[in-house]
Enquirer: 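I'd like to ask you about the structure that follows.
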Amino acid sequence: MKTQEKFVKNNRRQLLKMMAGGAASAPLINAGLLTAGAGLSSSASAASPIKNVIFVFIPGGAPNGANYSITPTMVNNELVLKTCSAPLESVKQECVFFAGTDMDGFAGHGLPQNALGGLTKAPKTIDLALGDMLGGNTPFSAIQLGAASGDTSISAVNNWTRSLAITDPARVFEILRSVQASDNPALQQQHKQLEINLKAVQQLQQQLGSFANARLQTNLDAIQQLQTEIASTSTLPGCDLQQQSWTAETIYANDYSKFTRLWELQSSNAITAIKCGLTHVVTLLMGGDQEDFIADGFTQSYAQIANSGFMAEYLRYRTYMTSRLANLIQQLKTTTDINGAPLLDSTLVVQVTNMGDTAINNSYDAPFMFAGGGSAIHRGQVVKGSLHTKVLDTVAQAMGVYGKIAPYSATGPIAGVVV
């Protein structure tokens, strides 16, 4: 709250100072104060049509093998999926698969924060870093959720201080509901800031020539659009959380026999948080780092199956987990944002993991992929991943903040992914 108040006061002081000087037009336009997220969000918000990101952690990588791995092949410019990626058939054109992606640094159990770059020289995992940049106008900078994930956390500061995921979907809903009151102070601050910027632009338009006015009109339109978005947030279908209560059944947070249902509820919470403007960054864990969960439909844990040598059952388990990811992507595709567009178009889904193949505990060919992002991403392709930290830098590039947050690789984003 103090950060938001400081932001508002600083911007107001700067606006008034420039206007009082009588030559406000040039510094205001050049500084991009209003263009940068209409005075509310970070400059990254204006730089990319992708507003949101959901990181999906699937532990243990995937079976390595030419015929059944996650990474498809391209045949006549068409994605041909393999066994473990088959559930993505209906959404494959929304996806970018990174082939030959090796874990940069540590791979394996025990330090899963490396999946998001937590063991690099960067001070934070990428979800928390993005939250700092994108969360200026949301109650939560980033949210960490888990489905039967125990005490696993892949979000960390300074490599070791982890932000634990909330595994109880009912509790998550109540937290979201509690901050989305109609008299939410954060929303009031946002409205106040927009009104200040709107008046500043209108006054400047009276003083400037036609060229500068045309540029200011863009800012004016952006401010008015954001006002509409904020005002409409609580009235979007499913977003008036104050009028809702938890209607789902009571499920123990780590009841592995209800794994599918836990995933559905947490996915729904993630989508609600993003759609209703409560956050732009969600990290969603599918099970725990040690893979000791037993999903419904199976009699042994994922770790036991992967190390049993029974390849058919291992493939079935990993394919099931891909189907949970496909379900999330489909929900984002059928859920609309404030403008009636698919939420998937403004949301980047990023599948991450902590190793290549848990059966042999290696660091090679780890399954990383994108889904969504609309026209900002060259979708429906397979590209060379090289290192997983390069994939993370590509996420930063897609969100418009590469170079504004600490890099995760030494060589930067992967070419040919971001438009």
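Keep in mind that this is a model prediction, so the values were computed, not measured.
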Enquirer: Do Glu291 and Thr358 pair up side chain to side chain, a donor and an acceptor below 3.5 Å, judged on atom types alone?
Expert: yes

Enquirer: Could you walk me through whether Arg261 and Glu264 pass the salt bridge (charged side-chain N to carboxylate O under 4.0 Å, His left out) test, one step at a time?
Expert: CA-CA 5 Å; Arg261 184 59 175 150; Glu264 290 173 351; 3.2 Å; yes

Enquirer: Check whether any side-chain heavy atom of Thr125 lies under 4.5 Å from a side-chain heavy atom of Ile154, and answer yes or no.
Expert: no

Enquirer: Should the pair Glu78-Lys92 be classified as a salt bridge under the 4.0 Å nitrogen-to-oxygen rule?
Expert: yes

Enquirer: Listing request: all ring-ring contact (aromatic ring centres under 6.0 Å, His included) pairs with a residue in residues 385-419, at least two apart in sequence or in separate chains.
Expert: Phe368-His388

Enquirer: Could you check whether Glu249 pairs with Lys258 (Lys NZ or Arg NE/NH1/NH2 to Asp/Glu carboxylate O, under 4.0 Å)?
Expert: no

Enquirer: Determine whether Met369 and Leu325 make a side-chain contact, defined as any pair of heavy atoms from C-beta on separated by less than 4.5 Å.
Expert: yes

Enquirer: Applying ring-ring contact (aromatic ring centres under 6.0 Å, His included), which residue pairs with at least one partner in residues 95-118 are found, sequence neighbours left out?
Expert: Phe98-Phe370

Enquirer: Return each pair, listed once, that meets ring-ring contact (aromatic ring centres under 6.0 Å, His included) where at least one residue sits in residues 337-366; pairs must be two or more places apart or across chains.
Expert: none

Enquirer: Treating Arg379 as the side-chain partner and Ala371 as the backbone partner, does any N or O pair qualify as donor plus acceptor under 3.5 Å?
Expert: no

Enquirer: What closest approach, in Å, do Asn354 and Pro112 show between heavy atoms, and which atom pair accounts for it?
Expert: CB-CA, 4.4 Å

Enquirer: Considering only heavy atoms from C-beta outward, does the side chain of Leu88 approach that of Val91 to under 4.5 Å?
Expert: yes

Enquirer: Give a yes-or-no answer on whether the side chains of Asn327 and Gln330 include a donor-acceptor pair shorter than 3.5 Å.
Expert: no

Enquirer: Is the shortest side-chain heavy-atom distance between Phe173 and Thr247 below 4.5 Å?
Expert: no

Enquirer: Got Ser149 and Phe293 here, is their nearest side-chain heavy-atom distance under 4.5 Å?
Expert: no

Enquirer: Side chains of Gln113 and Arg162: is there a donor and an acceptor less than 3.5 Å apart?
Expert: yes

Enquirer: If you look at every heavy atom in Ser163 and Leu128, which pair is closest and at what distance?
Expert: OG-CD1, 3.8 Å

Enquirer: Are side-chain heavy atoms of Asn52 and His280 found at a separation under 4.5 Å?
Expert: yes

Enquirer: Give a yes or no answer on whether the side chain of Lys390 reaches the backbone of Gly412 with a donor-acceptor pair at less than 3.5 Å.
Expert: yes

Enquirer: In terms of relative ring orientation, are Tyr317 and Phe298 parallel, tilted or perpendicular, with 30° and 60° separating the classes?
Expert: parallel

Enquirer: Of the non-hydrogen atoms in Ile70 and Ala62, which two are nearest, and what is the gap between them?
Expert: CG1-CB, 3.4 Å

Enquirer: Do Pro72 and Leu81 come close enough that some side-chain heavy atom pair is under 4.5 Å?
Expert: yes

Enquirer: So which heavy atom on Val419 is nearest to which on Ser375, and how close?
Expert: CG2-O, 3.1 Å

Enquirer: With the threshold set at 4.0 Å, does a side-chain nitrogen-carboxylate oxygen contact exist between Asp337 and Lys51?
Expert: no

Enquirer: Side chains of Leu387 and Asp102: does their closest heavy-atom pair fall under 4.5 Å?
Expert: yes

Enquirer: Which atom pair, heavy atoms only, marks the closest approach of Ile405 to Leu130?
Expert: CD1-CD2, 4.3 Å

